[in-house]
There are 2 protein chains.
Amino acid sequence: MTISSLRPTGLGIREVSERTGLSVDTLRWYEKEGLLPPMPRGGDGRRVYPERMVEFVELVVALRRTGLSVADTRSFVELADEGAASHGRRMALLERQREDIHEQQRRLAADLAAVDTKITHYRELIAAGLDCDGLPVDETTAVRQRRTA
Amino acid sequence: MTISSLRPTGLGIREVSERTGLSVDTLRWYEKEGLLPPMPRGGDGRRVYPERMVEFVELVVALRRTGLSVADTRSFVELADEGAASHGRRMALLERQREDIHEQQRRLAADLAAVDTKITHYRELIAAGLDCDGLPVDETTAVRQRRTA
DNA sequence: CTAGGCGCTGGAGCGCACTCCAGCGCAAGC
DNA sequence: GCTTGCGCTGGAGTGCGCTCCAGCGCCTAG
């Protein structure tokens, strides 16, 4: 019977990796770089992740994935160190990130529209058997024009 | 009176840079890497961009910005070389990219929801003067908790 | 005639965010 | 008591996508 079996609340780094999608190396690198707080260690020096840490890691992943830089993510995590006193500042940081995400959504929608317009354009040319200048293509080309692979 | 003044249809690299938002260096690099077709040159060896090329560059920008890799963008541009015969394949590539953008939109919306949830959480804790464990904070902390900068 | 502005090429350099070892320790199972 | 598995550290390496020269040429204006 081991210590860890007496403490079912702690997770190994591998388990956290599987639950969050971050590689084991990345979890360690994030901790070293301050994107995750220093983790408590078991008697053998291994990281023991509290169960609730998974949720925190997932927030960090969401922030990174939405483009928050490593530096700003570190700031957020440093604020978390301060406890309740930093709630307002953490909220403000997240609100800035929210605006950034809104901006990304607008850009993405605009780029999607551009791609869709082009797709429609190709579809029409293929249906009509025309080239980019609106001139009819020959039969050999028309056959190729319809190929999608 | 120069040649270029007799051909108002051609654009200089700087002008294309300003219209598309790509740096001059990036325009040249894209061409070298096949993300843009080889441009015709003026008598002095400088690139002359046809007016309609701006539209094409903007499509490339949209593709890159939505995460299409350099390699896949190159494939798209190589297909464009083939003319009308590659319309179907170009359309298919854009359709795959469209699906990818949809996926990005879903992820972005999910990550936004996570951030919003956290913001709401902080807002509630601040309003109630509680810490992360739901315990009341002291007055000094409460004041700091409300600070946003 | 020369100085400034723009552009050209080839190649080196850079920033970011990981990713991948080498070499080690500990603990459990056979 | 040896192998297997997991984890540790420090540090080097990687991939992507630009970005930044140095050194040059060609116009045009003064």
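Because only heavy atoms are used, hydrogens play no part in the values below, and waters and symmetry mates are left out as well, while side chains stay in.
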| task | Could you check how far OH of A:Y49 sits from C1' of D:dG7, rounded to whole Å? | result | 11 Å
| Modelled atom types, side-chain donor and acceptor of B:Q97 and B:T66, under 3.5 Å | yes
| said: Does anything in residues 75-84 of chain A form a salt bridge (charged side-chain N to carboxylate O under 4.0 Å, His left out)? List the pairs, not counting sequence neighbours. | reply: A:E82-A:R89
| field | Those residues of residues 61-81 of chain A lying under 4.0 Å from DNA chain D by at least one heavy atom | value | none
| said: Suppose we screen for side-chain contact (heavy atoms from CB on, under 4.5 Å). Which residues come up paired with B:E18, at least two apart in sequence or across chains? | reply: B:R14
Tell me which donor-acceptor pairs under 3.5 Å the side chains of residues 27-39 of chain B have, and how far apart each pair is, sequence neighbours excluded?
from  : atom 1 : to    : atom 2 : distance (Å)
B:E31 : OE1    : B:R47 : NE     : 2.7
B:E31 : OE2    : B:M39 : N      : 3.1
B:E33 : OE1    : B:R74 : NH1    : 3.4

| note | Contacts satisfying salt bridge (charged side-chain N to carboxylate O under 4.0 Å, His left out) that involve residues 55-65 of chain B (not counting sequence neighbours) are A:D111-B:R65
| task | Identify, with sequence neighbours excluded, every residue that meets side-chain contact (heavy atoms from CB on, under 4.5 Å) alongside B:S69. | result | B:A71, B:D72
| task | Check each residue of residues 36-46 of chain B for a non-hydrogen atom within less than 4.0 Å of any atom in DNA chain C, then write out the ones that pass by number, or none. | result | B:R41, B:G45, B:R46
| Rounded to the Å, how far apart are B:R28 CZ and C:dC6 P? | 13 Å
| remark: Across all chains, not counting sequence neighbours, the side-chain contact (heavy atoms from CB on, under 4.5 Å) partners of A:D138 are A:T140, A:T141
| Length of the line joining A:E18:CD and D:dC6:C1', which is rounded to integer Å | 12 Å
| query | If each of B:D25 and B:R14 is mapped to the nucleotide of DNA chain C with the nearest heavy atom, which maps nearer the 5' terminus, i.e. the 5' end? | reply | B:R14
| note | ring-ring contact (aromatic ring centres under 6.0 Å, His included) pairs touching residues 47-67 of chain B, sequence neighbours excluded, are none
Solution key, residues 120-136 of chain A side-chain donor-acceptor pairs under 3.5 Å, sequence neighbours excluded:
from   : atom 1 : to     : atom 2 : distance (Å)
A:T120 : OG1    : A:D116 : O      : 3.0
A:Y122 : OH     : B:R90  : NH1    : 3.2
A:R123 : NH2    : B:E95  : OE2    : 3.3
A:D131 : OD1    : A:D133 : N      : 2.9
A:D131 : OD1    : A:G134 : N      : 3.1
A:D131 : OD1    : A:L135 : N      : 2.9

| query | Which residues satisfy the side-chain contact (heavy atoms from CB on, under 4.5 Å) test with A:V143, sequence neighbours excluded? | reply | A:E139, A:R146
| For DNA chain D, what string of dots and brackets results from 5' to 3' when Watson-Crick and G-U pairs need both distances under 3.5 Å, crossing pairs get [ ], and pairs with another strand get |? | ||||||||||||||||||||||||||||||
| message | In whole Å, I'd like the distance from the CG atom of A:L11 to the C1' atom of D:dC6. | response | 15 Å
